[in-house]
Amino acid sequence: QVQLVESGGGMVQAGGSLRLSCAASGRTFRPVAMAWFRQTPGKERDFVAYIGWSGGPTYYTDSVKGRFTISRDSAKNMLYLQTNSLKPEDTAIYYCAAKSGFSAYDTPSGYNLWGQGTRLTVSS
């Protein structure tokens, strides 16, 4: 049974940085791709960033381009999200997700494995 566990969230002032991590457990973890989504209370889960697991492309939502960087270490089954120049509107619970098929990369329904989330709070 593969599980995803996020870590690295916390509280930071606007302009600051944090690195979020996602650890995948399980001997047979071979996703096609992984992504980060985020969600605030009462709103839908929104796409943040995507990466192909075998050295494929990266995609970002427009609001984080130039500030966030997604990366992975496939040997360690780790996914990362480096967040820089944080803004209060980046405040959310961040989820990592994995997909085993070739469905849409920017919608939650395209992913079949999720972590429990890590909270990131940016104060002004």
Side-chain angles (χ1 to χ4, degrees):
Q1 185 78 9
V2 178
Q3 290 185 323
L4 301 179
V5 178
E6 300 94 336
S7 62
M11 182 175 290
V12 64
Q13 288 188 331
S17 301
L18 276 180
R19 188 176 80 158
L20 307 183
S21 299
C22 174
S25 62
R27 291 178 295 175
T28 59
F29 183 69
R30 294 188 184 90
V32 169
M34 294 192 71
W36 288 96
F37 286 77
R38 63 187 179 186
Q39 189 170 24
T40 54
K43 295 189 177 181
E44 295 184 350
R45 196 166 294 188
D46 292 330
F47 168 75
V48 176
Y50 162 101
I51 188 167
W53 194 244
S54 300
T58 57
Y59 302 116
Y60 298 90
T61 193
D62 287 345
S63 63
V64 308
K65 286 180 181 177
R67 301 188 298 122
F68 291 10
T69 303
I70 189 171
S71 62
R72 90 281 184 264
D73 185 335
S74 55
K76 296 181 179 179
N77 285 349
M78 292 293 297
L79 178 73
Y80 305 101
L81 185 70
Q82 178 66 43
T83 66
N84 298 326
S85 301
L86 284 163
K87 304 175 181 180
E89 51 263 44
D90 294 318
T91 295
I93 297 175
Y94 283 72
Y95 298 89
C96 66
K99 66 202 313 280
S100 57
F102 294 93
S103 50
Y105 72 88
D106 57 353
T107 59
S109 61
Y111 295 79
N112 54 323
L113 184 65
W114 291 85
Q116 85 292 345
T118 185
R119 184 179 299 273
L120 171 59
T121 302
V122 184
S123 61
S124 57

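No hydrogens, no waters, no symmetry mates; every other heavy atom, side chains included, goes into these values.
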| message | Are Thr61 and Asp46 packed together at the side-chain level, in the sense that at least one heavy-atom pair is separated by less than 4.5 angstrom? | response | no
| query | Nearest 0.5 Å, what's the CD-CD distance between Gln39 and Glu44? | reply | 8.5 Å
| note | Sequence neighbours excluded, the answer for salt bridge (Lys or Arg N to Asp or Glu O under 4.0 Å) partners of Asp73 is none
| Over 12 non-hydrogen atoms of neighbours within 6.0 angstrom of CD in Gln116 | yes
| query | Under 3.5 Å, is there a donor-acceptor pair between the side chain of Thr83 and the main chain of Leu18? | reply | yes
| task | Without swapping roles, check the side chain of Thr118 against the backbone of Tyr94 for a donor-acceptor pair under 3.5 Å. | result | no
| field | Spacing of Asp90 atom CG and Phe68 atom CZ [to the nearest 0.5 Å] | value | 4.0 Å
| message | If I compare all heavy atoms of Arg45 with all of Pro108, which pair ends up nearest, and what's the gap? | response | O-CG, 3.6 Å
| task | State whether the side chain of Glu6 and the backbone N or O of Leu20 hold a donor-acceptor pair below 3.5 Å, judged by distance alone. | result | no
| task | May I ask you to test the Val12-Leu120 pair for a side-chain heavy-atom distance under 4.5 Å? | result | yes
| note | The residue among Tyr95, Phe102, Phe47, Phe37 that forms ring-ring contact (aromatic ring centres under 6.0 Å, His included) with Tyr111 is Phe37
| request: Determine, stepwise, if the pair Leu81 / Arg38 fulfils side chain to side chain contact (heavy atoms under 4.5 Å, CB included). | output: CA-CA 12 Å; Leu81 185 70; Arg38 63 187 179 186; over 6 Å; no
| remark: Lys65 meets the salt bridge (Lys or Arg N to Asp or Glu O under 4.0 Å) criterion, sequence neighbours left out, with Asp62
| field | Heavy-atom check, side chain of Trp53 versus side chain of Asn77, under 4.5 Å | value | yes
| request: Kindly indicate whether the side chain of Gln82, heavy atoms from C-beta on, has any atom under 4.5 Å from the side chain of Tyr80. | output: no
| field | Gap between atom CG of Leu79 and atom CZ of Arg72 - 0.5 Å precision | value | 9.5 Å
| remark: Interatomic distance, CZ@Arg67 vs OG@Ser17, rounded to 0.5 Å, equals 10.0 Å
| query | Do Leu113 and Ile51 sit in the same hydrophobic cluster, where Ile, Leu, Val, Met, Phe, Trp and Tyr count as joined when their side-chain heavy atoms come under 4.5 Å apart? | reply | yes
| Exercise: identify the closest heavy-atom pair between Ile93 and Arg119 | CD1-NH2, 3.6 Å
| query | Measuring from Ser74:OG to Met34:CE, what's the distance to the nearest 0.5 Å? | reply | 11.5 Å
| message | Run the side chain to side chain contact (heavy atoms under 4.5 Å, CB included) test on Asp106 and Tyr59 for me, step by step, so that the C-alpha distance in whole Å, both residues' side-chain angles and the decisive distance to 0.1 Å come before the verdict. | response | CA-CA 9 Å; Asp106 57 353; Tyr59 302 116; over 6 Å; no
| request: Verify, without hydrogens or angle tests, whether Thr121 (side chain) and Met11 (backbone) share a donor-acceptor contact under 3.5 angstrom. | output: no
| task | Could you tell me whether a side-chain N or O of Trp114 sits under 3.5 Å from a main-chain N or O of Leu4, the two making a donor and an acceptor? | result | no
| said: Do Tyr60 and Val48 land in one hydrophobic cluster if side-chain heavy atoms of ILVMFWY residues count as linked below 4.5 Å? | reply: yes
| query | Can you tell me how far OG of Ser124 sits from CD of Gln13, rounded to the nearest 0.5 angstrom? | reply | 9.0 Å
